[in-house]
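A note on names: the letters A, B, ... follow the listed sequences, proteins ahead of strands, and every chain is numbered from 1.
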Amino acid sequence: MRTAAVVILCLVFTAAGLRADERYLDFIAALQDQGYHDLAIEYIQGIRARPEVPEDVRALADYLIGKSAVAEAETRTDLSRRDDELREARRFFEKFLREHPQHEQAPEAHMELAQILVERGRVAVLRADDPANQGRRSELRQDARGLFEEARKSFTEAAARFEKDFKAFPAFIPDTEKRNREAKRAAQIHWMQAQLHLGLVEYERAQTFDKGSEGFQKTLREAIGLFESVHERYRSWLAGLYARMWQGKCYEEMGELGKAEGFYKELLEHEDKDAVLQALQRQVQFFRIIVLNKRGDYLLAADAAKKWLQEHAAQRRSEMGLGVQFEQGRALIQQAIAKDENAPERARLLDQAMDALGQVARYETLYKQQAIVLEQKVRGLAGAVGSPNFDRALALGEAAKDARNWPEAAKQYAAALAQAKPGADPEQLAYVRYVLGYARLQMRDFYEAAVLGEYVARRQPNTSVAAPAAGVALAGYAAAYNAWQTRHQEAPAFEEDRIIQLAEYVSGTWPKAAEANAARITLAELHLARGRFVQAAQAFARVAPASAEHAQAIARAGDAYWRAYNQAAAQPAGQRDPAPLAAWLDLARQNLTQAVAEQTQNIPPHAKLPTALAETELALAEVLLESGDDAAVMRLIPPLGARIAAQPELAPLELRSLIALLRACVRTNDLQAAQDAMQAIEKTRKDLAQITRVYLELGKQLQVEMDRLQARGDDATLKQARDRYVAFLNQMAGRQQGQNFVTLAWTGEAFFGLGLYDQAAGRFREIMRRALDDSAFLDLSNAQNQAALTHVKLRLASALRQQGQFAQAWELIQPLPREANPGDDPLHKPVVWNYDLILERGRVLEEWSAREPSKLKTALDHWGFWAQRMEPMAQKPPQYFEIRIHLIDCMIRKGRQATGPSEREQWYRQAERQLVFMTKTSAELGGPALKSRFKQLQDELEKQLGRTLEAAARR
Amino acid sequence: MNRTVPRLLWKSALLALLPLLAWFASAARADQVELVDAKPVAGKIEAETATEVRVRTSSGTETIAVNRISAVQYEGQGGAMTQAKAFERAGNLRGAAEQFAKAQQELRDKDKPFLFAAAEFGEARTRATVALADSSGIDQAIARLDAFRRDHEDSRHRDALHELLGRLYLAGQDYAKAQAAFDELGRAPWPEGKLRAQVYQGRILLAQNQPAAARERFDEVLAAPAASPAEERAQLEALVETAASFRMENNSEREIELLERVIDRAAGHGTSLEARAYADLGDALRTAHRTKHALLAYLHVDLLFAGDKEVHARALYNLTELWSELGFADRAAAARSALTSRYPNSPWAKKLASRSE
């Protein structure tokens, strides 16, 4: 493919000719021919400003730099760097075209620009094929297709332009107008070349699909169509013949070997002995050998390869010549396999195969690795497997890696390292260490992966794999962190420190590399997991704006600031610092607003709403609600809600969006909209139990919103918000018409959330009354409706407790023997795994004990019973920790109530043992909020005991 | 990490090929002296002394100082010699010793004194290294080296011989003879020889439990100007030994700090130095009860410097214990298996076996 392109480019280049000063241009060409592209660039940059350099040369400077930059990029083994350099090369061609649009090399520059897109597409394909990018394969292939499509567009435009240029010349130009004739010929060649490239782009695009897949076949068919039309139009031109050859290659890759061979045969029958045609035929012969091997004609393939090598002895070491020898080796091995194991013929064929493959393995070409693997196979067949040297072990490792046989890959890479000679190429050593680390990561040997990756990253930072190796190390530490946490139920400090140090190192050492962004995201994830929301937000916000992850990262930064705000606002008054709250809220708003803008930018107008964007918009709406920007919320939420409702995959966000909508309606005092929202809720929710949960959630949100406003110390806003809610709810509650279960439940929960427990209890009682009196109000034969009613009854108990009406509350939920509970009411069953009920019973008893001390013993027994029952659970829910907190709190209270010092000491010691037990068995203690309550208990206990607790509790 | 590496390197490989072909053509019929700081010199070796090697090349005679030589490939060295060198490079020291012995048999009737001496010293060197790793057969190894010294007084292997001899005496706790051998090493005409001898003299003091006195020697090395990579390497070795002196005084923090400094500077100074620094760091971290830090230090040895047998065996022993302490029984078993299968005669395997009993 590349060879074809180069041949044609050379033809055009020669035809167009150069009129600039030959001294300079010859030297530049010599540097480029020798592969000294970096020197060529340096030289051109050095001479372009010199006054003695002819204008012709200066005009060409950017064009020539661009060409060298492309060639230099192609030598890069680091694909990310290669891609960056190709982008950089593009700038030079663009500058050249901007400044010299009419230059005779301008068509070439246009073609180069399009060719860069093809090259970048190839880079994306190679990255997609890399096992390291397994998770991103589909995304990278999509990128590659995008680039090929852009290239196709560029070549299409170029073809149209060249066609126009060509057709602008008169049909006949006399011989005397030599310059004009040459210009016409150049225009025609450009046009031809652009058309051929269109076919080649499709061929490349096919490589973005799995071999044999429908997409692969379909795209190759499209390429065949394009080649066919070039061949039809230019059958007597070299471009037409090349098109024919590529048609054959497409058929071969589609498995239609007969057709491919037919085309090759046709091309080989041309008898013209022109050098360019011979070059074409050499390539065709090579492609034909591939077909013969694929067809199983190993004898013919070996003979054809032998003939090729005899006829083109000078080409034996070219990439194509080595390709031929590789195919020869394959053919000989297959012939040998068919022979009897002890036949001398078999040994002779294997010897010949070894000779051929040995040649191939000596040179760094596409075939080297495969040749070494085949060599090893031959050694196995011949019973002569020995310990491999560095090159061989590396190649075997690479083959195992491609086959994703990670233990074998690791073994071979380790063998390669052991065989490395003193003074070995540091770049190569870095590569082996890196891939060995990668293989160990795949084997779940996390610490080994981390050691290898970090060694390359820190000790060999200037090698091309240093940044990716750092990525392996970070992945290793992160996996080790997770594994340890899962196993020991606590966050490991060692791994955490390593992640933080390494992520900072990567971010500082390669700030623009993709790995730096990955490191920032890993760091942010770690801070998030540890509840350090501000640090998490800062790390997310450092993701480079140019990166593809930026929009998502700043969305997460905004979310993390929002969580920091919520966490701080939820702290008890004495431990809370109100100063940064407003700033965090503002940063949350800024980041989320920018994230929505960036994410929206990339979405076509009528496309589906991506889940990530929906989540970001919803988070923004919640932040805007908190900020008091009601108008913005009302602009954002209704259309968002509509889209969420229309897309089933967004169903998990529905609850949040409806609550946000209801809150916005309340804030804007829009009664009608609130009613519409409730109707929407009724339509979407399946049963009343779910609906009541929506309203319970709304009530909770109102409550915490008030708490946060209080935490910010913004009394005026607090009062204003509260008054508005109350006024709104009173309006809703006062309506005589249209009150149903939903509206009553909602207003009840909202009153509860605002601390208006009397009104809340009234609404809950109203539900219970009407449910028992009016079967049209609630069909109690439906089990889900019964569950909804039970929930309302429990909420009534909570509202009564909040008003200090403990006996009434207890009456609703107290455990009763079976005979005393004829209706089998779940709220009266002695043991029910309903956390809301368990907590409510305990709270009623505990708060009641302030008035009736004897209740404290009952509360203590209740909490103790459930703490014991939940202890064996492997994954403990937050309610378990809450129960433990209540248990310890009750013990401290018992201590305070004790009449003598001995009894007091006994209760405090019991509380201490509980605290020590909890801190020993769990590092997280149910999350930051609950952990903070454990800390309060500890402080209280230490105060009572007059000493610090055991070390474990202090931890 | 991609399959394109060979393809991307293709052009440069072809460009590099022409001089390589030319080189193969001449090297095939000549001795070749590989240098630490320049391209190899090919030609006919005319003379070898303890300080220089004289080579007749196509452009005249070249005299090369012995301390610049990293290896010598002799014309017609034969299969056994080639195999011996490959085994030695791969860490198969016993196999290498046997092949060096076989090479001597092959060469016995041929008039190739330099090549024969190289095979003879190769056998002595590899057997001495095995003796040091296993802490056994030290007397035989000394006897072999002594015999070589008698037969080849002015050999180009003289410095390496004195160094090995000194190390063997040191391992056998014969400090006076060790001192004498290292003094010989210090008489070499290049500064790194003197520096290395001073480092060894410090090690003798350490072996005699005199850390402060040893440190004075190491400080002298560290204070000397280091003009060449070899001299810089000697200084890094002095730092490693200084760290060891602090270990003897139970000053883990100072030891850790020094070893981390060595590691920061050691890349490119040879794997054995890095291997030793990481293993020592592991020891220091274990002493300081920094278990996971120690685990990582030893893993460096296992993964990156497994070629250094003595240090690798030590790392595997510690990894067996550390994996076990951290609750990774399967990994502990893997490390144990690697130690007992690869280094069955090492003191570390024996120590592990005695602990298990």
Novice: Counting only heavy atoms closer than 4.5 Å, note whether B/Asp302 contacts chain A via side chain, backbone, both or neither.
Specialist: neither

Novice: Quick one: side-chain contact (heavy atoms from CB on, under 4.5 Å) partners of B/Ala306, sequence neighbours excluded?
Specialist: B/His312, B/Arg342

Novice: Side chain, backbone, both or neither: which part of B/Tyr278 has a heavy atom under 4.5 Å from chain A?
Specialist: side chain

Novice: List for me each residue that meets ring-ring contact (aromatic ring centres under 6.0 Å, His included) alongside B/Phe328, sequence neighbours excluded, and say none if there are none.
Specialist: B/Trp323

Novice: Heavy-atom distances under 4.5 Å only: say whether A/Tyr447 touches chain B with side chain, backbone, both or neither.
Specialist: both

Novice: Please report the closest heavy-atom contact between B/Leu303 and A/Leu417, naming both atoms and the distance.
Specialist: O-CD1, 3.9 Å

Novice: Hey, could you give me the CG/CG distance between B/Leu304 and A/Leu436, rounded to the nearest 0.5 Å?
Specialist: 8.0 Å

Novice: Quick check: are there more than 12 heavy atoms from other residues, nucleotides or ligands sitting under 6.0 Å from CZ of A/Arg444?
Specialist: no

Novice: Can you tell me which portion of A/Glu495 sits under 4.5 Å from chain B's heavy atoms? Options are side chain, backbone, both or neither.
Specialist: side chain

Novice: Parallel, tilted or perpendicular: which fits the ring planes of A/Tyr455 and B/Phe305, with parallel below 30° and perpendicular above 60°?
Specialist: perpendicular

Novice: Counting only non-hydrogen atoms closer than 4.5 Å, does B/Leu295 touch chain A with its backbone (N, CA, C, O), its side chain (CB onward), both, or neither?
Specialist: side chain

Novice: Would you mind checking which part of A/Ala414 comes under 4.5 Å of any heavy atom in chain B, side chain (CB onward), backbone (N, CA, C, O), both or neither?
Specialist: neither

Novice: Does any heavy atom of chain B fall under 4.5 Å from the side chain of A/Arg498, the backbone, both, or neither of them?
Specialist: side chain

Novice: Go through the atoms of B/Arg331 and report whether side chain, backbone, both or neither lie under 4.5 Å from a heavy atom of chain A.
Specialist: side chain

Novice: Does the side chain of B/Asp264 come within less than 4.5 Å of A/Arg458's, by heavy atoms?
Specialist: no

Novice: Could you walk me through whether A/Trp484 and B/Leu326 satisfy the side chain to side chain contact (heavy atoms under 4.5 Å, CB included) test, starting with their C-alpha distance in whole Å, then the side-chain angles of each, then the deciding distance to 0.1 Å, before giving a yes or no?
Specialist: CA-CA 10 Å; A/Trp484 187 274; B/Leu326 290 166; 4.0 Å; yes

